[in-house]
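First comes the structure, then the notes that go with it.
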Amino acid sequence: MPLQERLAAWLKGGPDRTKPRAASLAAVLGVSAMVLILCSELWPAPASAEAAPAPGQTAASYQAGLEQRLASLIGQVEGAGEATVMITLESGEERIYATDTRTGGDQSQQKTHVLLEDGTALEETTYLPTVCGVAIVCDGGGDVGVEARITALVSALLDVPANRICVEQRCH
């Protein structure tokens, strides 16, 4: 008897069974899926190491990290060679705290910060500092084609207009 026929006979159940095995199998699979979903909620997912700053990261460390990552990326552009990058930031990071609006008897509204048990305010959003300008010094900076590719790359990555990006030749 081929495997498909044996599987179909098993799912339908034998002549002495009144309930098909397919329903039992579906119930077991459903319960198993729910257990897996519950288990996935109990264990937190690993934190990603993307561009988001770590709690307590300063604007200076954010700036230094961006410069290092950008210098590494520019060094991989054909003809660029070794690169040194300097980034200027418009301002420091801005934190927005959650507020609670309370309405009094005379319909006046009073906004207060939501406080945690330790007395600190609940942070709702953190806006990273915006990049104001980028200066790049690299071995291939004297080549117009390399300069154009680096400018386009930096402009696309940091959303900085081309007139705020300067690429120069490294002196030897």
Between CE of Met34 and CG of Leu29, what distance do you get to the nearest 0.5 Å?
11.0 Å

Start with the C-alpha gap between Leu73 and Leu153, add the side-chain angles, then the distance that decides, and say whether side chain to side chain contact (heavy atoms under 4.5 Å, CB included) holds.
CA-CA 9 Å; Leu73 187 64; Leu153 174 76; 4.0 Å; yes

Write down the atom of Ala83, the atom of Gly75, and the distance for their closest heavy-atom approach.
CB-N, 4.5 Å

Ignoring hydrogens, what is the shortest heavy-atom contact between Val146 and Ala80? Give both atom names and the distance.
CG1-CA, 3.9 Å

Name every donor-acceptor pair, under 3.5 Å, that has one atom in a side chain of residues 132-141 and the other anywhere in the protein, sequence neighbours excluded.
unit_1 : atom_1 : unit_2 : atom_2 : d
Asp139 : OD1    : Arg170 : NE     : 3.1
Asp139 : OD2    : Glu82  : N      : 3.1

For Pro161, which of Asp159, Ile165, Asn163 qualifies under side-chain contact (heavy atoms from CB on, under 4.5 Å)?
Asn163

Backbone N or O of Val131 within a donor-acceptor pair of the Arg164 side chain at under 3.5 Å?
no

Decide whether Val167 and Met86 are clustered together by the hydrophobic rule: side chain heavy atoms of Ile, Leu, Val, Met, Phe, Trp, Tyr closer than 4.5 Å, transitively.
no

The reported gap from CD in Glu67 to CD1 in Ile87 (rounded to nearest 0.5 angstrom) is 5.0 Å

Can you find a heavy atom in the side chain of Ile74 that is under 4.5 Å from one in the side chain of Val85?
yes

From Leu158 atom CG to Thr130 atom OG1, the distance as rounded to the nearest 0.5 Å
11.0 Å

Who passes side chain to side chain donor-acceptor pair (under 3.5 Å) against Glu147, sequence neighbours left out?
none

